[in-house]
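Below: the structure, in structure tokens.
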There are 2 protein chains.
Amino acid sequence: MATPATPFRRRVRAPGRLSAARRNARRLDSHLAEKVDVRELSHLEQLVTTSEPDRHPNEWQVATAYLGLVPSDLDPGLPSDTSWHPADNLPETAFDHGAIISAGRERLRAKLSYTNIGFALAPHAFSISELRDLYTAGLEHEVSATNLQRVLLRRELLEATGELRASGPSGGRPAALYRFRSRMLSITDQFAVLRPPGQHG
Amino acid sequence: MATPATPFRRRVRAPGRLSAARRNARRLDSHLAEKVDVRELSHLEQLVTTSEPDRHPNEWQVATAYLGLVPSDLDPGLPSDTSWHPADNLPETAFDHGAIISAGRERLRAKLSYTNIGFALAPHAFSISELRDLYTAGLEHEVSATNLQRVLLRRELLEATGELRASGPSGGRPAALYRFRSRMLSITDQFAVLRPPGQHG
DNA sequence: GCAAAAGTGTTCTGGCTACACCCATGG
DNA sequence: CCATGGGTGTAGCCAGAACACTTTTGC
């Protein structure tokens, strides 16, 4: 996937500003909300905290990075000084921001395997191939819709809604729609791993 | 394993004090060192940062928890107001400390599967059954020395030193000694998982 | 009919677990 | 010689990957 319109994106630093994902450590709910409406985030978890004693002349500053996920059918508005960037086409980043972004992607990648975190990326109802695209982007490797469907059904993470999506202008069988059984993050399969193609397993 | 003398332990709060693992966020090297000599830690990684705006009347306090590992053949000295506790027989913990400790154990458990982090728990040279005890404690489930040996050799994490450990007073074949090939933490097998017994796979 | 997209049936794989068996030492 | 602890050989298992094939739509 060459990430044309990667379905998940991550807040990064806009020129001259800290993004919402990197505010000074203060009360989370009141300050992340300055940039993105936290209520639109389907998942939020802490990544790392860095202290940068040199930045400010009189006091140590502590910055905490968060990973926030947004369902693919939402596009939260941002203030004009902040913007979205596809995760694999980021502008230059300063300091350790590159490492933090890697950590975020890595965290998502891992949790896609053994938790139901997909619910945080997906709309309430979706076809398997739509979900496949989300997993492909999150896992950073190709995923087969065929197998994804069976893995997630076997694990009982998904259930069919009974609805069908009308087929597109070029035809094709209408897709059955599914939803996540639960929208609470939980470790559903402690030891499960989704491997990239070519890594037989 | 009912944890008789669990070979890994974790700093926890002693009455009326924060342990070294939970100091206020300041420069790490200078403040963890107040309690434990950081140079004795074979591994140190950040867990979570919590801000507790209510604790101090005039300022927000930010506390960062770390997971530090010590090789099983060392026993770092502590100040008299601090002490070691076996991880599954802890004194009462306050606030979110219980969750933080779980997070630490969980982190170790996960990394034992897909990294070479065992080097941080083990002495420089060890027998497989000694290592097995460390893995058993860290993974929190029984581990077969037989299979552990082969898994870690196949992954090329271990190498034989060529030395033998003299057999004990009750006899038994002398154990071959091994060492970790590398003592730098690295993700050696991204998709590997060590499962508990009874979870065929 | 034919292309496109979705879905099903089935086989294959490989890393890990399980288990039977062999080796070296002490007393 | 036998108990004890260490080590090897090999079979079994199963989640998930691979792939062939069937179903449903648009034109």
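Since the model is a prediction, treat every value here as computed from it, not as a measurement. Throughout, a chain's letter reflects where its sequence line sits, starting with A, and its residues are numbered from 1.
- Considering only the side chain of B/Arg154, C/dG15 comes nearest among C/dC19, C/dG15, D/dG6.
- At whole-Å resolution of the value, OH in A/Tyr114 and C1' in D/dA15 are 18 Å apart.
- To the nearest angstrom, P of D/dC14 lies 17 Å from CZ of A/Arg155.
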Would you tabulate the nitrogen or oxygen pairs shorter than 3.5 Å linking the protein to nucleotides 23-27 of chain C?
unit_1 : atom_1 : unit_2   : atom_2 : d
C/dC23 : O2     : B/Arg173 : NH1    : 3.4
C/dA24 : N3     : B/Arg173 : N      : 3.4
C/dT25 : O3'    : B/Ser167 : OG     : 3.3
C/dT25 : O2     : B/Gly172 : N      : 3.0
C/dG26 : O3'    : B/Pro169 : O      : 3.2
C/dG27 : OP1    : B/Pro169 : O      : 3.4

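- Remark: C1' of D/dG16 and CG of A/Leu112 are 16 Å apart, rounded to the nearest angstrom.
- At a threshold of 4.0 Å, the pair B/Arg179-B/Glu159 counts as salt-bridged, since one of the basic side-chain nitrogens sits closer than that to a carboxylate oxygen.
- Between the CZ atom of B/Arg195 and the P atom of D/dC13 there is a distance of 15 Å, rounded to whole Å.
- A salt bridge does not link B/Glu140 to B/Arg109: none of the charged nitrogens lies less than 4.0 Å from a carboxylate oxygen.
- Counting non-hydrogen atoms under 4.0 angstrom, B/Ala176 reaches the backbone sugars and phosphates but no base.
- Out of D/dG16, C/dA18, C/dA6, the shortest distance to the side chain of A/Ser129 is found at C/dA6.
- A/Ala192 comes within contact range of the sugar-phosphate backbone alone, with a heavy-atom separation under 4.0 Å but no base atom that close.
- Residue B/Val151 places its side chain closer to C/dC16 than to any other of D/dA18, D/dG7, C/dC16.
- Note: CG (B/Leu153) to P (C/dG15) measures 15 Å, nearest angstrom.
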- Please test B/Leu185 against B/Asn116 for side chain to side chain contact (heavy atoms under 4.5 Å, CB included), starting from the C-alpha separation and ending with a verdict. CA-CA 6 Å; B/Leu185 181 65; B/Asn116 62 347; 3.6 Å; yes

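- Along DNA chain D, the nucleotide nearest to B/Gln149 and the one nearest to A/Arg150 differ in position, and the one closer to the 5' end is contacted by B/Gln149.
- For D/dA15, its base never sits under 3.5 Å from the side chain of A/Asp189 at any donor and acceptor pair.
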- Query: Are A/Arg181 and A/Glu156 close enough, and set up right, to give a salt bridge (charged side-chain N to carboxylate O under 4.0 Å, His left out), and what steps lead you there?
  - Reply: CA-CA 8 Å; A/Arg181 288 179 108 92; A/Glu156 300 187 308; 5.4 Å; no

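- Aromatic ring centres of A/Phe119 and A/Phe126 lie farther apart than the 6.0 Å criterion allows.
- Distance A/Phe191 CZ to C/dG15 P: 19 Å, rounded to the nearest Å.
- Residue pairs meeting the salt bridge (Lys or Arg N to Asp or Glu O under 4.0 Å) criterion with at least one member in residues 164-178 of chain A, sequence neighbours excluded: A/Glu130-A/Arg165.
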